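Just so we're clear, the structure is a prediction, and the values are computed from it rather than from any experiment. Below, chains carry the letters A, B, ... as their sequence lines are ordered, and counting in each starts from 1.
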Protein chains: 2
Amino acid sequence: MSTVAIPRGTDTKERLLRAAEGIFGRHGYAGTTLRAVTAEAEVNLASANYHFGSKEALVMEMLRQRVAPINEERLRLLDEAKRKAEFGPIPLEDILEALIMPLGGAARGQDGTDLSFLQLVGRSFSEPAEFMRRVHDTFFRELAEVFMGEIRRSCPQATEADLWWNLHFAINAMLGSLSQCRRVEAMSNGICEAADLDGMLNRLVAFLANGFQANTPPSRTV
Amino acid sequence: MSTVAIPRGTDTKERLLRAAEGIFGRHGYAGTTLRAVTAEAEVNLASANYHFGSKEALVMEMLRQRVAPINEERLRLLDEAKRKAEFGPIPLEDILEALIMPLGGAARGQDGTDLSFLQLVGRSFSEPAEFMRRVHDTFFRELAEVFMGEIRRSCPQATEADLWWNLHFAINAMLGSLSQCRRVEAMSNGICEAADLDGMLNRLVAFLANGFQANTPPSRTV
DNA sequence: GTCTATAGAACGATAGAC
DNA sequence: GTCTATCGTTCTATAGAC
């Protein structure tokens with residue numbers, strides 16, 4: 001059930017955050033109980049409320065600490081790509097790489113690839129809990145604006161609606177495909193391996209870059 | 001909070017299924033309580049267990065009744081496209097339309113477009129609950145095999161790994177984008193309208209058809 | 001089939017000793 | 001900061017009257 005045990009010597013607050021990450025990623029917010037978190041963290045039940053005040057605050061803090069560095073890395077890579085393009089339009093592939101690759105980096109811990117982390121990120125986006133959607137929207141909205149600025153410069157022929165729809169499809173394809181990456185193994189009878197993180201991410205970038213070429217389609221009847 | 005009231009005269013079992021659909025779509029399995037379902041259905045709390053035996057059985061039955069007709073329609077459209085192509089390779093757009101458009105049809109009830117239904121379908125795929133993933137995999141695996149057969153014939157140049165990865169991306173983009181379609185409105189400041197179901201689905205088909213052109217990408221370092 | 005009532009377990013949160 | 005103990009709530013599920 002548990003993944004890798006949290007090392008001894010880690011203090012209670014940190015143990016709680018790490019345990020919450022695993023449980024929340026596996027069971028979602030409503031399915032996460034403080035009893036399960038404190039058991040996995042091997043700390044007292046009361047310590048969760050002592051350190052964070054509430055279940056909601058614990059999960060929020062966990063999410064914030066995890067998402068913030070990823071977004072920073074995304075902006076760093078985007079900036080790097082901008083300079084590489086000598087401040088002209090950035091190739092679409094490079095923009096998508098800046099968006100996607102930091103997820104791979106964050107999933108690669110010292111104990112090898114941690115696919116459950118991708119599940120965590122995906123779940124945080126599709127959570128039914130209202131407060132979580134609000135926070136995640138806030139996190140993501142700024143980032144989306146910045147990325148959209150570069151995408152717009154790289155696709156001058158597309159309309160605003162084209163661009164936003166395609167970005168919407170790309171974001172959801174990214175989060176869904178990565179968080180559900182175990183399914184592709186079952187579906188393909190093992191032909192595809194989710195553990196090949198680089199292969200997966202490169203394929204995803206290629207798929208989305210192609211998808212982004214789609215513009216307003218002609219009306220279609222089925 | 002509630003959507004459209006369930007009409008009078010509907011029998012208890014049906015009322016429960018309809019109410020479960022709304023609540024589950026909005027709050028997920030763990031967040032769905034029989035109290036909320038029976039309250040929305042305006043029936044007695046005990047009736048849920050009387051008619052279905054358990055919360056799990058109720059949600060399963062609701063899902064089964066909803067997903068089965070959609071999959072039938074998908075196969076019907078695929079067959080129609082096959083005949084239209086005179087049993088040669090089907091254009092990729094037509095295959096994707098057969099996969100996607102039935103979701104739009106199912107979301108269009110007599111009371112206009114019901115976007116919460118798309119949320120329900122998306123949620124059923126990303127549910128953390130183990131039993132639900134198992135069932136959904138079963139539902140979907142057969143369908144994926146059939147569709148993959150046609151996709152394979154339409155993309156003879158692609159490797160098996162290419163095809164399965166791209167199908168994986170397409171399925172997740174479809175479910176994620178549709179179930180989270182409200183976000184695109186917020187993100188784009190109203191430029192994109194999720195209520196324009198046809199526009200959304202046509203754009204999605206175009207995006208995914210382009211994405212599918214992507215094959216094994218060259219190794220890439222970031 | 002539909003109700004009331006409640007069993008029995010799990011939940012988040014907290015009071016208060018150490 | 002960490003514990004035990006427990007409060008008050010909510011949950012699924014069921015027993016039993018009608």
Minimum-distance nucleotide to B/Ala46 side chain [options: C/dA13, D/dA13, C/dC3]
C/dC3
[atom1] of [X] versus [atom2] of [N]: gap in Å, rounded?
X	N	atom1	atom2	value
B/Leu45	C/dC3	CG	P	11 Å
B/Asn44	C/dA5	CG	P	11 Å
B/Glu14	C/dT2	CD	P	13 Å

Check: [X] side chain, [Y] main-chain N or O, donor-acceptor pair, under 3.5 Å:
X	Y	value
A/Arg141	B/Ala186	yes
B/Glu185	B/Ala194	yes
B/Arg123	A/Ser126	yes
B/His27	A/Pro128	no

So, OP1 or OP2 of D/dT2: does either fall under 4.0 Å of a side-chain N or O from A/Thr12?
yes
Yes or no on side-chain contact (heavy atoms from CB on, under 4.5 Å) for A/Lys55 and A/Leu58, after CA distance, side-chain angles and deciding distance?
CA-CA 5 Å; A/Lys55 170 184 166 181; A/Leu58 164 59; 5.7 Å; no
Considering only heavy atoms, which members of residues 49-62 of chain A lie under 4.0 Å from some atom of DNA chain D?
A/Tyr50, A/His51
Can you confirm if the NZ or CZ of B/Arg183 lies within 45° of the ring axis of A/Phe140 and under 6.0 Å from the centre of its six-membered ring?
no
Looking across every strand, which nucleic acid part, if any, lies under 4.0 Å from B/Thr33 by heavy atom: base, sugar-phosphate, or nothing?
sugar-phosphate
Regarding B/Thr38, tell me which of base, sugar-phosphate or nothing describes its non-hydrogen contacts under 4.0 Å with the strands shown.
nothing
Taking the nucleotide of DNA chain D with the closest heavy atom to each, which residue, B/Leu34 or A/Arg35, is nearer the 5' end?
A/Arg35
